[in-house]
Amino acid sequence: MTTSNPRVVIVICDSLRADLIGPEDTPFLAELGERAARFAAHRSVFPSTTRASAASIATGCQPARHGLLGNTMALDEGEGLICRSAGHPDFPDRMRRATGRTLRVPTLAERLRWHGETSISCSNVSPGAAYFQDPDGHGYVYHAAGSYGPGRRPIEDPASALLKKGLAGDRAMTERFCAEILEERAPSLAIMWLSEPDYTGHHSPLGSPQHRAAIAGADQCVRQVWETVRRLDPSGDDILFITGSDHGMETVAHAVDLDGLLIAAGLKEGSGSSDVVVAPNGTAATIYFAEPESERVNQVARFLQRENWVGDVFFGERLGVVGLPSDTAMRIAVSLAADDRINDHGVAGHCPIVQDPADNESKIGFGQHGGLGTNEQSPFLMIAGGGFAPAERRELTSLIDIAPTVLRHLHMDHDDMDGRALPHQR
Ligand SMILES: [Zn+2]
């Protein structure tokens, strides 16, 4: 199938677990699942954090190739390794200072610009997650912390400046996305990234009335975009519509002070030292070494393998198995031990988290993600239009398959990515 005016519209519902989609809370997505290609074995990347996921959706590559290794990363900007939040608006500049660049492979926004086409992204999650869809400013990115046009030219955008995480902000963003972006500006690629149900999931128990209301609200936002898309393209031939999430969530069982454990074991000099630096990523952590070839890496890995809160430890060649690089200062990644216990609201899956010294809020009993637990690794994905046949699809798919699927619809090259363009039918 070819179309003369191909466009792609993507809506991400941050953190929405595939198993929480059902007729009661998400009547629209439940119905769309019958009318679209629904990918039932869709997986997140590792760490299963929003910022690494945003970069993987944008590049079609694993973190090993795009280089954003989680929600936090240790960077050496000349004063030794220091753990930084990739969510902070200044992080892309820090990354440039420390490594000479931001992402190491082109984004969808850049690839579209090569062809003279435009991408527009509206995001209500962290600034880092918004900017890592297009860190070098090839298209438009609208976000409360600052909006940018091509050339990373700042744009005065009062509508975005007013947005706050949560349902009200998501609704306002959806209105604007449908009326202005989709109907008027009609770019080749338009992406909208909702803060829900992630925002509420991090601040309330999974399956609680608040969390379910957030899920229902996200469902309504997706419905509104879908109805706009169908009005613009009743046949579904031109506009490829993709909706999904970046990862799921587990319930936080308890918090582990990994810094403290390493210091007590004599494996790290002290609090804030840069010899061994833990980058907490929710239910996962990555560990950076000032001397990455030293025996200390093996000592820390052996220590972690004996801890009962650890699910799996990746170091050496095994980092590649989970899509992480093995030649950077980050030498160990750990996924914490998830289990299938059910919480008070009937939602399965618990996991400890690594305590983040930069964040003192208690997370116990609320949702979190980052690791390889079954539920946090179960985002949803549905694709309609653009030649996709309605069907439940069982093949294993990943966030990295989205970008090549987008580019194929836009008749652009996509064979140099880690992911693959998904077949139109099974
Ligand atoms: Zn997320």
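Atoms within a ligand are numbered from 1 in the order they appear, just like the ligands themselves. Since this is a predicted model, take the numbers as computed values, not measurements.
Nearest to the Zn ion (ligand 1), among the N, O or S atoms that Asp246 has, is OD2.
With a cut-off of 2.8 Å, the Zn ion (ligand 1) has an N, O or S atom of Thr50 in range. Put simply, His247 gets within reach of the Zn ion (ligand 1), with an N, O or S atom under 2.8 Å from it. The Zn ion (ligand 1) has Asp14 among its coordinating residues (N/O/S atom, backbone or side chain, under 2.8 Å).
Classification of the Tyr199-His203 ring pair by plane angle, with boundaries at 30° and 60°, yields tilted. The aromatic rings of Phe388 and Phe39 stand perpendicular to each other, their planes meeting at an angle above 60°, with 30° marking the opposite boundary. Classification of the Phe28-Trp226 ring pair by plane angle, with boundaries at 30° and 60°, yields tilted.
Once rounded to the nearest 0.5 Å, the distance linking CZ of Phe380 with CG of Leu16 reads 5.0 Å.
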